[in-house]
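Every chain is numbered from 1 and lettered A, B, ... according to where its sequence line falls, protein lines coming before strand lines.
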Protein chains: 2
Amino acid sequence: MSVEPYQIRVLAVDDHPIVRQGIASLVGIQTDMVLVGEASNGRDAVQQFRNLMPDVTLLDLRMPEMTGLDALIAIRKDIPNARIIVLTTYAGDMQILRALKAGAQAYLLKNTLHTDLMQTIRAVHAGRKALSPEATYEIAEHATDDVLSPAEVLVLRLIAAGNANKDIADSLSIAEETVKSRVKSILSKLGANDRTHAAMIGLKRGIIEL
Amino acid sequence: MSVEPYQIRVLAVDDHPIVRQGIASLVGIQTDMVLVGEASNGRDAVQQFRNLMPDVTLLDLRMPEMTGLDALIAIRKDIPNARIIVLTTYAGDMQILRALKAGAQAYLLKNTLHTDLMQTIRAVHAGRKALSPEATYEIAEHATDDVLSPAEVLVLRLIAAGNANKDIADSLSIAEETVKSRVKSILSKLGANDRTHAAMIGLKRGIIEL
DNA sequence: GAACGCAAAACCCGAATGGGGGTTTTCGCG
DNA sequence: CGCGAAAACCCCCATTCGGGTTTTGCGTTC
C-alpha cells in the first residue's frame, strides 16, 4: 500500500451529519486528499481550524451557535491566508458578496456535482478561486443595483418583523419621518412595490434572514 | 463473504449530490440495507420508484422539476402502501402536516444523527412511524391554531408577491372587498400585525414558499 | 470659511390598509 | 331537503403608507 506524500488536508463544516458524511466519503475516495476534521457549527469550526490548520475548509453558512459567515471572518482574522470554500444551499447575491469580501476563495451550491466539488478543492488549494454558475449569475444580475446602507438594512429587518413605521422609529430612536424616507429609499433600491415585497426581496437576495 | 438474505432496499431522493453520497455511504455500511437507486428531482423519484419498488424511500421536499410533496402524492397514488421518509431541512408545521397527510411514514430533519436515520429506516420498514423532535414541537406549537382556507392561502401568496388588494382582486377575479375580508381573516388566524408580518409567518410555517 | 454632499427631519396629500360592523350566496353534508 | 359553515360582498372610518418636495444640520473637501 503506497502512501501519498502530499495530501490536501480538508476540514468539513456543516450542521447536517449526512452532508458531512457525503463529504467524508467523497474525500476518502480521492488519493490526493484526506479529511482531517469535522465541525457542526461556526464556533467549533473556528476551534477546529486552529487545532488542525487544514489546507482547505468546506464551510456551510446557515448553522446554529455561530454563522458560517462569522466563522469565516474569525478564521481569516486568525489566519489571513486560510483557504475556504463556502458550500451552501442558498444563492442570494448579498450573501455571496459578503462571503467573498470576508475572504472566501470559492462559493459553491450544494447541487454541485461530486467531480466539480473535488476539482474546486484542488483549485482552491492551488491558490485559484471559483464561483458556481448560479452564484456568478446572481451577482451579475444585481451588479448595477444600489446597495442598501446598514441603516436601511436595519429598517428592512424591522419591517419584516411586522413593525409599523412608528414602532421602527421608537426602537431605533429616530423620527418616524426618517423611517419613512428610509423606507422610500429601500423600496426604490430594491424595486419593490410595497414593504411586503421589499421584505421578500430582501430574503431572496440574502439581505435579511428569516 | 456472507450474503445478507433480507436487505431493506432503499431509494434516495435529493437534489444535492453530496447528500445522496452521504446516504449512499451510510446505507452502504449497514449490513441489513442496500441502496437500490437515486433521484435528484420529484419526476425522477416517481419514475425510479415504479421501476425499483424500494422498501423505503428517503425523500427531500425542496426539489426542482417536481416538489417532493407532489412526488409523494404521486407515488402513494400508485402504490398506497409505499413507505416514505421525508428527509428535509425545513420544519414549518404546515409542510409537515401536508407530508403526513399525503402518507409519509416519517418526517426527519437533515440535522438528524446517522444512527437515528438508520433506526428510522428500520422502523419505517417494520411498519412504524416516526417524527423528529423538532417536527413534533412545530406541530404541537400550532395545534390549536386556525388553519388558513385554500382561498386565504392564495391571497397570502399574492400578498407576499407585493400585490395590493386591488391587484389581488383583479387577478383572482373577485371583489376588492372580498380580498379585504380574507386579509383580515389571515391576519387574525396567523396572529400577524400587518400583511408583511403575515407573509413572513406564512414562510416560517411552510404555508407559502419563497 | 465657502461650497458641497448627504442623512435626518419635516410637511403635504391622495391612496391603501386594517378594524369594526353587517348581509347575501354558495356549498358540503347529514 | 334543509342546515350550518364558508365564502363573497358591502359600508364606514381612523390610521398608515408611500410619493413628492423642502429644510435643517453636520461633516468633508477644497
Asker: Which residues in residues 197-210 of chain B have a heavy atom closer than 4.0 Å to any atom of DNA chain D?
Answerer: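 None, since no heavy atom is under 4.0 Å.
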
Asker: List the atom of L11(B), the atom of L52(B), and the distance in Å for their closest heavy-atom pair.
Answerer: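 Minimum heavy-atom separation between L11(B) and L52(B): CD1-CD1, 4.2 Å.
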
Asker: When you compare the protein's N or O atoms with those of nucleotides 3-7 of chain D, which come within less than 3.5 Å of each other, and at what distance?
Answerer:
unit_1: dA7(D); atom_1: OP1; unit_2: S149(B); atom_2: OG; d: 3.3

Asker: When every nucleotide of nucleotides 11-20 of chain D is labelled 5' to 3' by its protein contacts under 4.0 Å (heavy atoms), B for base, S for sugar-phosphate only, - for none, what sequence of letters results?
Answerer: B-----BBBB

Asker: Can R122(B) and Q30(B) be said to form a side chain to side chain donor-acceptor pair (under 3.5 Å), step by step?
Answerer: CA-CA 11 Å; R122(B) 293 191 187 97; Q30(B) 317 300 315; 2.9 Å; yes

Asker: Chain A on DNA chain C: first and last contacting nucleotide, 5' to 3', under 4.0 Å to a heavy atom?
Answerer: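 In short, chain A contacts DNA chain C from dA8(C) to dC11(C).
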
Asker: Using a strict 4.0 Å threshold on nitrogen-to-oxygen distance, state whether E38(A) and R20(A) make a salt bridge.
Answerer: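 Salt bridge flag = yes for R20(A) with E38(A).
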
Asker: Is the shortest distance from a Lys or Arg side-chain nitrogen in R182(A) or E152(A) to a carboxylate oxygen in the other one below 4.0 Å?
Answerer: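 Here R182(A) does not pair with E152(A) in a salt bridge, since their nearest N and O are not under 4.0 Å apart.
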
Asker: In a table with atom names and distances, give each donor-acceptor pair under 3.5 Å that connects a side chain of residues 191-210 of chain A to protein atoms at least two apart or in another chain.
Answerer:
unit_1: N193(A); atom_1: ND2; unit_2: G162(B); atom_2: O; d: 3.1
unit_1: D194(A); atom_1: OD1; unit_2: T196(A); atom_2: N; d: 3.1
unit_1: D194(A); atom_1: OD1; unit_2: H197(A); atom_2: N; d: 2.9
unit_1: R195(A); atom_1: NH1; unit_2: N163(A); atom_2: O; d: 3.2
unit_1: R195(A); atom_1: NH2; unit_2: N165(A); atom_2: OD1; d: 2.3
unit_1: T196(A); atom_1: OG1; unit_2: T196(B); atom_2: OG1; d: 2.8
unit_1: H197(A); atom_1: ND1; unit_2: N193(A); atom_2: N; d: 3.1
unit_1: R205(A); atom_1: NE; unit_2: D93(A); atom_2: OD1; d: 2.9
unit_1: R205(A); atom_1: NH1; unit_2: D145(A); atom_2: OD2; d: 3.2
unit_1: R205(A); atom_1: NH2; unit_2: D93(A); atom_2: OD2; d: 2.8
unit_1: E209(A); atom_1: OE1; unit_2: R157(A); atom_2: NE; d: 3.4

Asker: Could you walk me through whether L154(B) and I168(B) pass the side-chain contact (heavy atoms from CB on, under 4.5 Å) test, one step at a time?
Answerer: CA-CA 9 Å; L154(B) 279 182; I168(B) 297 174; over 6 Å; no

Asker: Taking D60(B) first and then K110(B), would you say they form a salt bridge - that is, a charged N and a carboxylate O separated by under 4.0 Å?
Answerer: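 Yes.
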
Asker: Can you tell whether the side chains of E65(B) and R43(B) come within less than 4.0 Å, N to carboxylate O?
Answerer: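 Between R43(B) and E65(B) there is a salt bridge, with a charged N closer than 4.0 Å to a carboxylate O.
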
Asker: Go through the structure and list residues passing side-chain contact (heavy atoms from CB on, under 4.5 Å) with K101(B), not counting sequence neighbours.
Answerer: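 K101(B) satisfies side-chain contact (heavy atoms from CB on, under 4.5 Å) with no residue once adjacent residues are dropped.
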
Asker: Answer whether the closest heavy-atom distance between the side chains of I85(A) and T120(A) falls below 4.5 Å.
Answerer: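 They are in contact (side-chain heavy atoms under 4.5 Å apart), so the answer is yes.
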
Asker: Taking the side chain as everything from C-beta on, heavy atoms only, tell me whether L58(B) gets closer than 4.5 Å to I121(B).
Answerer: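 SC-SC contact between L58(B) and I121(B) confirmed.
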
Asker: Looking at D55(A) and R83(A), is any side-chain nitrogen of the basic one under 4.0 Å from a carboxylate oxygen of the acidic one?
Answerer: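 Salt bridge: no.
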
